[in-house]
Amino acid sequence: MFVDRVSIEVVAGTGGSGAEAFRREKGVPRGGPAGGDGGRGGDVVLVADGNLSTLLDLSYRRHYKAERGRHGEGNDRTGRSGDDAVLRVPPGTVVRDEDSGEFIGEVVADGDRLVVARGGRGGRGNARFKTSTRQAPRHWEPGDEGESRRLELELKLIADVGLVGEPNAGKSTLLATVSAARPKVADYPFTTLTPNLGVVDAGDFRTFVLADIPGIVEGAHEGRGLGHQFLRHIERTRTLALLVPLDAMDPQAEYDRLRTELRAYSPVLAETPHCLVLSKADLMPAGDPLPEVDAPKAWGRFVISSVTRRGLEELVEGLWQRARKAETEDAPSEDEDDEEWWTP
Ligand SMILES: Nc1nc2c(ncn2[C@@H]2O[C@H](COP(=O)(O)OP(=O)(O)OP(=O)(O)O)[C@@H](O)[C@H]2O)c(=O)[nH]1
Ligand SMILES: [Mg+2]
């Protein structure tokens, strides 16, 4: 099961109260105030855990509470602070306040921490209220309440390549053919309801993550169909592959619709480099010429069939080059000074 969005309620610990106490010692007839401060309440903290890939664990339990601070004690002893409540989430988790919609923060890399509800301060004990004119104050403070809020957590997949296409274009079939992922495939539209990820092996230890999202239909940016709500999952990819099946009525129109929807949804996606992938090549009657598709912005075009595996090697190689090669080469080299400048 894939869970990419959960709502939870978090309550940080309340601070402990300050104590009211007086020194009672042999030989000290009128000991002064000695009530310690209350301890801090624990925070609720999200920590990114690279071993997790879904928010599933958090969906079973909706309420998370950090420990309260202990009350202060006599002899000027401060109460112990409450323990934090630590919630492990996958990297790429974005946090919003559910009621206001306010963006609270995100954890991106393994080990990132984000405090989502602060524990209350401990109250001051009576020892703190002693003044020259008030030698025996009875005054103490309660601890502050811990923050409480309702949160919406959302997982943004971190994929290198995103597959975009109308329903039935063959996106899931392609993902299943080039990776170990086993998404559902069927000959009706909207088979895919939530994103699927797969690791594609381009050989020689070269891998990249491919995301298959539900099909995009015309008007998706206005909320039609399903694809739109998942486009955000591919906003951070390095390249997109726009799939147009060769049995489409009008491949050019289908490609244009996809571009229009991407543009309408987000300028980021419209600017993300893309290639054109003409799928289901096995359905073309032998000898028929390929349809002309004008795609001046595409960095490449591929003709594939997931059934006969035609063109898959070239596609995987092309996607790897676009998605990961630059990254690998950008890694700082040891003898950078020796490098020559290359001008195209
Ligand atoms: N002949 C042929 N059929 C294909 C090929 N790829 C996919 N199909 C068929 O096309 C249909 C749709 O495939 P899917 O992979 O589910 O399509 P999708 O783009 O993921 O569709 P949605 O999830 O609904 O958006 C299925 O019946 C597949 O078997 C191909 O290369 N050749
Ligand atoms: Mg699918």
Side-chain angles (χ1 to χ4, degrees), residues 6-49 51-52 55-91 93 95-100 102-107 110-153:
V6 297
S7 312
I8 57 171
E9 211 172 316
V10 293
V11 182
T14 298
S17 302
E20 181 198 327
F22 292 92
R23 207 155 275 130
R24 285 170 195 283
E25 282 171 56
K26 238 181 170 170
V28 185
R30 295 170 121 209
D37 299 341
R40 268 190 65 85
D43 297 331
V44 181
V45 187
L46 299 191
V47 176
D49 182 340
N51 294 322
L52 297 176
L55 292 167
L56 185 65
D57 293 347
L58 291 184
S59 68
Y60 297 127
R61 232 182 94 182
R62 301 273 162 181
H63 304 276
Y64 297 87
K65 200 170 176 180
E67 199 185 20
R68 61 165 303 144
R70 298 289 161 77
H71 299 318
E73 290 175 34
N75 285 332
D76 286 324
R77 279 198 306 246
T78 302
R80 189 171 72 71
S81 298
D83 287 338
D84 294 341
V86 176
L87 279 57
R88 304 208 151 262
V89 296
T93 300
V95 188
R96 289 200 162 69
D97 184 297
E98 193 173 51
D99 300 310
S100 68
E102 177 209 349
F103 172 80
I104 295 174
E106 65 186 316
V107 290
D110 189 39
D112 281 359
R113 290 170 71 87
L114 176 70
V115 175
V116 291
R118 289 209 175 275
R121 211 175 43 95
R124 288 178 294 175
N126 70 338
R128 303 276 209 128
F129 293 95
K130 182 178 168 185
T131 62
S132 55
T133 51
R134 245 166 110 209
Q135 294 291 318
R138 299 203 151 258
H139 189 64
W140 52 272
E141 287 174 335
D144 289 343
E145 254 179 47
E147 275 184 314
S148 79
R149 61 206 320 187
R150 294 201 303 172
L151 302 177
E152 182 182 89
L153 309 189

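Residue numbers start at 1 and run along the sequence shown. It should be emphasised that the depicted structure is a prediction, and the values quoted were computed from it without experimental measurement.
The closest side-chain heavy-atom distance from Lys130 to Gln135 is below 4.5 Å. Taking the side chain as every heavy atom from C-beta outward, Val107 and Val47 never approach each other to under 4.5 Å. Between Leu114 and Asp112, every side-chain heavy-atom pair lies at or beyond the 4.5 Å cut-off. Side-chain atoms of Leu46 and Leu151, non-hydrogen and from C-beta on, never get closer than 4.5 Å to each other.
In terms of modelled atom types and a separation under 3.5 Å, the side chain of Asp37 and the main chain of Gly125 share a donor-acceptor contact. A donor-acceptor distance shorter than 3.5 angstrom exists from the side chain of Asp49 to the backbone of Asn51, with no hydrogens or angles considered. Using modelled atom types, one side-chain atom of Arg68 and one backbone atom of Gly15 make a donor-acceptor pair closer than 3.5 Å. Distance alone, capped at 3.5 Å, places no donor-acceptor pair between the Asp84 side chain and the Ala66 backbone.
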Given the rule in the side-chain contact (heavy atoms from CB on, under 4.5 Å) test, do Val10 and Arg149 qualify, once you have shown the distances and angles that lead to the verdict? CA-CA 6 Å; Val10 293; Arg149 61 206 320 187; 3.9 Å; yes
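With respect to Glu152 and Arg96, no salt bridge is recorded, no charged nitrogen being found less than 4.0 Å from a carboxylate O. The pair Asp83-Arg80 meets the salt-bridge criterion, since a charged nitrogen lies less than 4.0 angstrom from a carboxylate oxygen. Salt bridge status for Arg118 with Glu147: absent, with no side-chain N to carboxylate O gap under 4.0 Å.
Taking both residues in full, the closest heavy atoms of Gly72 and Ala19 are given as O-CB, 3.2 Å, listed atom of the first, atom of the second, then distance. Here the closest heavy-atom approach between residue Asp76 and residue Arg23 is recorded as OD2-NH2, 2.9 Å.
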